[in-house]
Structure formats: structure tokens, C-alpha cells
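Heads up: the structure comes next, in C-alpha cells.
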Number of protein chains: 2
Amino acid sequence: MPANSSRLSHAAAPAGPTGLRADARHNRERILQAAREAFAELGIDVPMAAIARRAGVGVATLYRRFPTRESLVTEVFADQFAACAKTFDDALADPDAWRGFRTMIEKVCAMQVVDRGFTAAFLTAFPDAIDYERERTRAERGLTELTRRAKAAGRLRADFEVADLTLVLMANRGIASGPTETALAASRRLVAYLLQAFQVDHADPADPLPPPAPLGLDHLRNAQVR
Amino acid sequence: MPANSSRLSHAAAPAGPTGLRADARHNRERILQAAREAFAELGIDVPMAAIARRAGVGVATLYRRFPTRESLVTEVFADQFAACAKTFDDALADPDAWRGFRTMIEKVCAMQVVDRGFTAAFLTAFPDAIDYERERTRAERGLTELTRRAKAAGRLRADFEVADLTLVLMANRGIASGPTETALAASRRLVAYLLQAFQVDHADPADPLPPPAPLGLDHLRNAQVR
DNA sequence: ACATAAGCGGAGAGGTGCTTCCACTTAGGC
DNA sequence: GCCTAAGTGGAAGCACCTCTCCGCTTATGT
């Protein structure tokens, strides 16, 4: 690749961020699809080779396109993020503050169970993936607002903290093993219990909650749960 | 080792199950101690070599004494089991059925958080470790009785299922990452919420729980949570 | 059609953990 | 003190995963 620019007609192509050859672009898609499936089924730790095999390409191709596991995960869960963000927006748009709050929790927890690795990707988040950072801030803002509104509507107990949402996600994560159907049923029941406990008329002044743990969404990082 | 039994005075020794040479017995203790620490700090997946190093013995020694990781875990968590069993007994002995039920949950959850790998050992349980099986049956019986009594006392909601206790443990397991102090605080708060939801006066007939997931204590097996 | 850069796959280097083998050391009964 | 079986540690054989290098293939503009 000499700096000599006498003829650059060749490498021109679509020039955009997707300036890939047609076949390469196609392969990229296949890899993403394969990774999506593999992550969902086996968790984010699946060997890169397994993804490559499933995609029908060599490992080298995989690595060329996504130099790090992180970059692959980031890309794969991009739309999952979008879905998650949409969930927040929907919740915020709901005129019934409590219903918004409630369905938000229910939906996110279901997502978490159905697609293993989603949480890991979203919250465990590789610290330096910029987009994640942005999304997370956005998420945190939405959650705060949802909480505020649900309290204002007089349905959410006053001693509920935004950090408790992290608590829910972490707890729900513990549920996400075993066959999806079972896990989903378990998750639904757990969430139902928790939502009942979160309602204002269930707070018992004679029996106050222990202080909230200092948990931010980023505390799901050290995912070492086994 | 010729079958010739002309002089068997040698290999006699204490003959009991602990018929080990003094130094070997000593090493065995050191291994157990090291394993206990390692499991608690790093989880049950710590490399065998790490345990050996910490114990100041060679890997071979470790493997000779505990041919499988399972056998080591079984041995290490034996007393932890005893503690757990005692918790059940205490709970059953409490004249206040609800208090018994409640403190049982609180204590077990705390144990689960403080000593990672405890759950894994106890519930994930290697299917064939006989003692575990027995302990688990015993545990299940105790839990059933505790549940029954708490309901009879009119404090525990009627639609609570014994399987929900598994739910609590699984949820709590999701909490157990991060520094112990934080995890403990989080766990305490989660448990408090759940206990409130479990009380009879919080059940809302207009808003029934989703059906319980078919979870037995043994469903914590496929521990792949990450 | 052809030249050329882009793309490709597989082999293999390097790292980590599990488990076994084997030559050496040592406890402990005589 | 001596002898022997019991015990020991480290090295080596596997298996698995990550990531890179390199010679071959193929799309694509002219």
C-alpha cells in the first residue's frame, strides 16, 4: 500500500464504514447471525472457533472482522440494546406510571432470561465500549424518571431506590439457568413477588428495609457468578 | 505387594478410614484448609494447582488424596452442610413459626453470599455424592415443614410453594458477585423485599401470582449462570 | 479477460488447566 | 539403625482456547 496515489480508483468502493467487498459483507452478516445464536444458546463465552464454524467461515475471517471478542459482542447486541431502549421509552410514554414501571421490569427481565449473555453484554459491559457507556447513562436516566413518576403516582413505595432495579436484574440473572421455559416461569414468578413488595401499600413502617446496597448498573460487571 | 501374608504387621496402622501416615494426614488437613479458603475467595472453579500451591504440596498429592474435584468439594463443605442443617433445626425449633421461616431464609442467604461456592456445592451438588443426596432430602423435608407451619400460623400466604424457596436461593445467587460487603447488603435488601411479599397480608387476590416454576432444590444444577 | 488488492481458511504458536507417571524421600515397625 | 511401603513433588501428556501468519482464491474496475 504505497502512499503513491497515482491511481486510487481501485480501493474506492462504497467508501463508507461498510467499504467491504460484497462477499466479505455477506460473511460479516453470517458471522453476526451465528454469534447471535451462539451467544443466546451458550452464553458469551462460547469459543470463537465455534462461532466461526457455525458461520461457515474460518477463524481468521472472524478475527479479521472482529479483532476482539468485545467488538463482536458490541455489534451483536446492538439491536438488543435498541429493543431495551424502546422498552424504556414505551414505559415512559405510558400514561399510567405504575403500569409503565411494572411492564418495564417485566419485559427487561424476560429479555434477560430469553437471551443469555444479554445482561452480560448490556450491564457487564466492557467498560470501554463507548456506545455502551452512552446507552447505560441513557438507561439510568430513564430508570430514574420511571421511578420518580411511579412514586409520584403513589404506587411505588417511597423507600424504593433506583439501585433496587439493579438488584432486580442481578436477582433475575440468578434465575437464568436451565431450560428457557422453566427459567422464564421462574423469572415471572420472582418478578411478580418483587413487584408486589415494591408497591406502596406493602411497605411496613414497623419493619423497614435494610439500607440499599450501593449498586449502580455497572455493578453487574464482575459477572463471576457461576 | 505380594499376597504372601507372612508378615502383615507393617501395613496395620490405625486401620480406620483415616489409616494414613501422620505426615499424609497433616497434608490432607492443609489441603482442606487451602481449598476452603480458595473456594470461598475464588469460587469452586479455582484451578486445582492453585489449591495445591496454597497448601504447599504438589498437585499429585492433592489428586492422590482427592481423585476428583467433586470429592474435594464434598469434603470441604461438609461442615458448611452441618451449619446449614443446624439452621433448619433452629428454625423448626422456633415457637414462632413465621420468625423461624424468616430467619432460616435470612441465614441461608447470608451463608450463600459469604461463601461463594457454598450454593454450588450444596445445591448444584454433584448428583452422585450420596451424602449430599441425603442432606438434600433432609433439607427438603425441613423446608416443607417450615412452610407448612408458617402457613398454619397465618403469616405465610397460601399460594406460596416450597419451590419458591429455590427461587429465593437462585435469585440470591445472582447477587453474590462483587465484594462481600456489597453483596451482603444487596442480599439483605432483596431478602427483605421478598419476605414482605411472602406475607399473607400482601397477597392480592385481584392480582394472582404466575404459576410456580417446577423447581426442586436440584434445579440449581446447571449452574452455568455467568 | 486480466491484473490486483481484498479476502479467505487452516495450520500452528502460545497459554492455561487437568490428570498421570515415575524416580526420589521418609515415616515408622522391627 | 534398617528396611519397606507409603508418600511426595515435578515433569510431561492431553485437551482446549485464543490469536497470528501466510500462501491461495476471488471479486471487481478497467
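Computed from a predicted model, the values in this text were never measured in an experiment. Letters A, B, ... mirror the listed sequences (proteins, then strands); counts begin at 1. Note: hydrogens, waters and symmetry copies are ignored here, and every other heavy atom, side chains too, is used.
- As rounded to whole Å, 13 Å separates atom C1' of C:dC8 from atom CZ of A:Arg30.
- Atom P of nucleotide D:dT28 and atom CG of A:Asp23 are separated by 6 Å, given to the nearest angstrom.
- Between A:His26 atom NE2 and D:dT26 atom C1' the separation is 15 Å, expressed in whole Å.
- Checked against salt bridge (charged side-chain N to carboxylate O under 4.0 Å, His left out), B:Arg148 has the following partners two or more places apart in sequence or in another chain: B:Glu145.
- We find that CZ of B:Arg21 is positioned 12 Å from C1' of C:dG29, with the value rounded to whole Å.
- Note on B:Arg65: only backbone sugar-phosphate atoms sit closer than 4.0 angstrom, heavy atoms only; bases stay farther off.
- Rounded to a whole Å, the CG atom of B:Leu72 is 15 Å from the C1' atom of C:dT19.
- Pairs of residues two or more places apart, or lying in two chains, that qualify as salt bridge (charged side-chain N to carboxylate O under 4.0 Å, His left out) and include a residue from residues 50-60 of chain A are A:Glu37-A:Arg54, A:Glu41-A:Arg54.
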Tell me, for nucleotides 9-21 of chain D in 5' to 3' order, what letter each nucleotide earns: B for a base near a protein heavy atom under 4.0 Å, S for only sugar-phosphate near one, - for neither?
-> BBB-----SSBBB
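- Salt-bridge annotation for A:Glu75 and A:Arg28: present, with a side-chain N of the basic residue lying under 4.0 Å from a carboxylate O of the acidic one.
- In this structure, B:Ile51 places its CD1 atom 12 Å from C1' of C:dG17, rounding to the nearest Å.
- Take B:Asn27 and apply the side-chain hydrogen bond (donor to acceptor under 3.5 Å, both in side chains) test, not counting sequence neighbours, and it matches no residue.
- One atom, CG of B:Leu20, and another, P of C:dG28, lie 11 Å apart when rounded to the nearest Å.
- One can place CZ of A:Arg28 at 19 Å from C1' of C:dG9, the figure rounded to the nearest angstrom.
- With sequence neighbours excluded, the residues forming a side-chain hydrogen bond (donor to acceptor under 3.5 Å, both in side chains) with B:Ser71 are B:Thr68, listed by chain and number.
- In this structure, the side-chain contact (heavy atoms from CB on, under 4.5 Å) partners of A:Ala85, at least two apart in sequence or on a different chain, are A:Glu135, A:Arg138.
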